[in-house]
Number of protein chains: 2
Amino acid sequence: MTDSSIQLDARERTLLRTLIESYISDGQPVGSRNLARASGLKVSAATVRNVMADLEERGLIQSPHTSAGRVPTTAGYRLFVDSLLEVRKPSREQIDAIESRFDPGASTQDLLDSASSVLSQVTRMAGMVRLPRHRNVALSQIEFLRLGEGRVLAILVIDGREVQNRVLELDRDFSQDDLQRMANYLNAHLAGKSLHTVRAELLREMREVRDDLDAQMLAAIDLGEQAVGAEDPDDVVVAGQTQLLGYEELSDRERLRQLLEAFNEKREILGILDQCIRGDRVQIFIGRESGLDWFENCSVVTAPYSVDGEVVGVLGVIGPTRMSYDRVVPIVDVTARLLGSALNVRGESPDSQ
Amino acid sequence: MTDSSIQLDARERTLLRTLIESYISDGQPVGSRNLARASGLKVSAATVRNVMADLEERGLIQSPHTSAGRVPTTAGYRLFVDSLLEVRKPSREQIDAIESRFDPGASTQDLLDSASSVLSQVTRMAGMVRLPRHRNVALSQIEFLRLGEGRVLAILVIDGREVQNRVLELDRDFSQDDLQRMANYLNAHLAGKSLHTVRAELLREMREVRDDLDAQMLAAIDLGEQAVGAEDPDDVVVAGQTQLLGYEELSDRERLRQLLEAFNEKREILGILDQCIRGDRVQIFIGRESGLDWFENCSVVTAPYSVDGEVVGVLGVIGPTRMSYDRVVPIVDVTARLLGSALNVRGESPDSQ
DNA sequence: TGTGGCACTCATCCGGAAGGAGCGCTGACA
DNA sequence: TGTCAGCGCTCCTTCCGGATGAGTGCCACA
């Protein structure tokens with residue numbers, strides 16, 4: 001694969017790049033005459049034809065039928081985005097426009113919604129944001145409420161503003177007074193610490209000090225662990241799926257159905273995003289590379305976002321493979337940065353206690 | 001409008017019904033020869049042509065162009081569903097299949113999801129369920145949690161299993177102890193009563209006994225009213241929107257986009273369903289009758305569902321106007337009944353206190 | 001190695017002809 | 001007055017053939 005990129009000389013690279021740029025902007029197979037003109041090279045169409053024949057042999061371009069022009073293959077796009085793409089820096093106005101959509105006072109949920117919808121609106125494709133992992137945010141408060149025999153509602157307040165409920169099913173029953181005491185104990189010991197510290201501490205105590213504690217405290221630790229231990233909800237925020245209806249190349253009804261269904265189910269979207277969470281910059285998936293049939297003619301552009309220096313999530317867009325990568329890549333990149341810093345600012349000024 | 005239905009004689013009714021049935025099953029304009037044969041009447045095509053000319057004059061059918069067959073107009077469909085439709089009773093197996101999807105032990109949310117997806121799967125169209133109003137379910141418990149200066153989290157447990165959170169922004173600040181006392185007071189007075197009783201009682205106390213109470217109790221009542229008074233979350237569960245991509249007659253890209261967007265936004269879907277909540281049986285909206293442009297070629301079939309004899313919500317499907325009403329109507333009807341009784345069973349056996 | 005030229009291949013775009021479905025109208029008949 | 005067969009007409013759809021044009025592959029030549 002990458003061999004072929006090494007073997008390309010300057011002229012071949014120029015022509016491949018020009019061809020793909022032209023195809024991206026017009027959607028038409030591009031012929032030798034037009035390519036020769038567009039490339040700016042001082043060569044004739046016939047020479048371009050020879051080069052194109054070489055590129056076709058290497059699997060970078062292909063012709064839809066005997067005598068149409070050429071279109072890029074998946075491998076061609078791959079090479080293009082990896083080593084030929086020159087991204088346009090987003091303008092100051094664009095950045096400001098995106099930034100203005102992130103209200104520093106908003107809740108996490110609202111910020112994620114904004115990110116997703118701004119991605120979708122600016123790129124005119126579908127936007128998506130992976131929920132941030134909450135490991136490193138502070139636990140403000142924990143409370144328990146008896147719902148019934150052996151059923152307890154655990155309420156976690158994190159960052160002084162976000163509330164998570166979890167219903168716990170227990171082997172034994174506790175009175176509301178017991179629960180209140182346990183909550184007091186946990187709050188006294190743990191409030192203000194980050195969730196993963198809390199969890200680590202609870203687990204350690206369960207192992208180490210099992211014998212030294214009375215039954216009540218032991219139960220409290222156990223309960224706390226159950227409440228905090230549950231993973232963050234596995235979810236993703238999406239927006240603007242319907243933008244995808246506007247693209248000619250996604251006209252296959254059945255494929256389109258599967259694509260939109262994927263946005264409803266969210267599971268596969270989640271899978272794609274999770275593949276992208278490693279790596280610290282923009283990543284691009286082209287067509288079937290992600291291993292999904294219905295993904296033909298689609299590409300994904302993603303970027304991770306960080307809070308406090310740690311990557312906590314990924315966001316990105318899905319659109320037709322024939323998209324303006326030079327425009328989309330920097331938008332995704334800058335949105336990830338701005339979402340990160342919006343979340344960051346918020347983390348620094350929790351407005352409680 | 002309904003005048004024309006009165007003026008139709010038996011033969012005209014038979015022919016209109018046969019025409020619409022034929023068009024629904026084939027999607028092709030139907031001509032006089034075929035209609036004469038399909039109707040089972042002992043009349044010639046020429047006679048049928050005369051009748052068709054009459055029906056066209058009354059606006060019940062029309063021809064797409066000079067010499068194609070006829071297709072029903074909106075008014076024709078209207079008359080058809082109002083007075084010509086003979087629904088097929090759903091088979092025992094169908095009923096059982098739907099019923100088996102409602103797990104009596106499931107949460108309300110799960111039941112609504114099941115209803116929505118079963119509607120979508122059985123009808124191969126988009127299913128939707130309006131969230132039930134909770135006015136008549138019992139309040140099990142109310143708790144308050146101080147989040148920060150003047151910000152209080154109210155936790156309502158209803159029916160002993162469902163939990164609702166509401167964040168209240170208050171003018172003055174309360175300590176957690178104050179809040180605890182207020183919750184105790186409210187629980188002692190109100191637990192076990194239905195939400196609307198609770199609300200009515202709180203409002204009454206606020207008006208009538210304002211002077212007799214100490215400040216603490218007054219604050220408690222005020223807080224309780226704020227917590228309970230907020231309307232049920234305005235929402236709707238949808239499923240299977242993508243089924244709509246399969247219909248030829250919904251091929252206009254822009255319309256289709258608006259339709260799917262409506263499912264994402266949910267606001268307009270909500271509006272449509274709310275129009276249908278009055279009336280105690282199946283209702284049908286045809287095409288633009290609902291006043292929405294993008295609704296051309298679409299119809300809605302809805303039915304209200306009841307818990308404990310009171311209508312609490314409405315469910316239904318959206319699909320192409322050319323749908324098999326005789327099959328869809330009873331499915332929607334029976335699903336509404338079954339959802340109602342599933343919710344009912346649950347309400348009778350709250351497993352707490 | 002690059003270039004111009006030439007023959008060839010396809011897809012696309014009419015225009016017209018043929019076929020067919022279906023309608024309205026008319027006049028005959030009970 | 002209602003029913004019906006027949007006729008002429010309209011209009012959609014399909015098919016066919018030719019023209020057009022974009023683009024390729026190959027070859028000969030500088």
Side-chain angles (χ1 to χ4, degrees), chain A residues 7-16 18-73 76 248-249 251, chain B residues 7-16 18-73 76 248-249 251:
Chain A
Q7 292 164 2
L8 290 187
D9 63 26
R11 192 171 64 185
E12 288 170 321
R13 292 164 62 87
T14 305
L15 286 173
L16 179 59
T18 312
L19 185 146
I20 295 182
E21 282 168 357
S22 162
Y23 180 69
I24 284 175
S25 85
D26 298 351
Q28 297 300 323
V30 9
S32 52
R33 173 195 294 284
N34 287 330
L35 183 54
R37 186 145 30 81
S39 71
L41 297 176
K42 302 277 180 229
V43 294
S44 73
T47 306
V48 169
R49 280 201 284 279
N50 290 329
V51 175
M52 286 166 89
D54 288 353
L55 293 176
E56 181 155 30
E57 211 165 302
R58 298 199 221 187
L60 297 172
I61 59 179
Q62 64 186 16
S63 33
H65 55 79
T66 318
S67 97
R70 307 300 220 289
V71 301
T73 61
E248 277 304 322
E249 56 265 54
S251 55
Chain B
Q7 291 164 1
L8 291 188
D9 63 27
R11 193 172 64 183
E12 287 170 321
R13 292 164 62 88
T14 305
L15 286 173
L16 178 58
T18 312
L19 185 147
I20 295 181
E21 282 168 356
S22 162
Y23 180 69
I24 284 175
S25 86
D26 299 350
Q28 297 298 325
V30 6
S32 53
R33 172 194 293 285
N34 288 329
L35 182 54
R37 187 145 29 82
S39 70
L41 297 176
K42 302 278 180 231
V43 295
S44 74
T47 306
V48 170
R49 280 201 285 277
N50 289 329
V51 176
M52 287 166 89
D54 287 353
L55 294 176
E56 182 156 28
E57 211 164 302
R58 299 197 219 189
L60 298 171
I61 59 179
Q62 65 186 15
S63 32
H65 55 79
T66 316
S67 99
R70 307 300 219 291
V71 302
T73 61
E248 276 305 322
E249 56 264 54
S251 56

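Proteins get letters first, then strands, A, B, ... in listed order; numbering begins at 1 in each.
In plain terms, the two heavy atoms of A/Leu19 and A/Leu35 that are nearest each other are N-CD1, 3.6 Å. Considering all non-hydrogen atoms of both residues, A/Pro29 and A/Pro64 come closest at CG-CG, 4.0 Å. The two residues B/Pro72 and B/Ile20 make their nearest non-hydrogen contact at CG-CG1, 3.7 Å. The minimum heavy-atom distance linking B/Leu15 with B/Ser39 is given by the pair CD2-CB, 3.6 Å. For A/Val43 against A/Val48, the heavy-atom pair with the smallest separation is CG2-CG2, 3.8 Å.
A heavy-atom distance below 4.5 Å is not found between the side chains of B/Ile61 and B/Val71.
In this structure, the CG atom of A/Asp54 is 14 Å from the P atom of D/dT24, given to the nearest Å. Going from atom CZ of A/Arg70 over to atom P of D/dG23 covers 11 Å, rounded to whole Å. In this structure, A/Leu55 places its CG atom 12 Å from P of D/dG25, rounding to the nearest Å. In this structure, CE of A/Met52 is placed 9 Å from C1' of D/dG23, rounded to the nearest angstrom.
Judged by distance alone, the side chain of A/Thr14 and the main-chain N or O of A/Ala10 form a donor-acceptor pair under 3.5 Å.
With B/Arg70 as reference, B/Glu56 is the one residue of B/Arg49, B/Gln62, B/Glu56 to meet the side chain to side chain contact (heavy atoms under 4.5 Å, CB included) rule.
Nucleotides of DNA chain C with any atom under 4.0 Å from a heavy atom of chain B span, from 5' to 3', C/dA21 to C/dG24.
Take the nearest nucleotide of DNA chain D for A/Ser63 and for B/Arg11: the residue whose nucleotide is more 5' is B/Arg11.
Non-hydrogen atoms lying under 4.0 Å from DNA chain C are contributed by A/Lys42, A/Val43, A/Ser44, A/Ala46, all within residues 27-46 of chain A.
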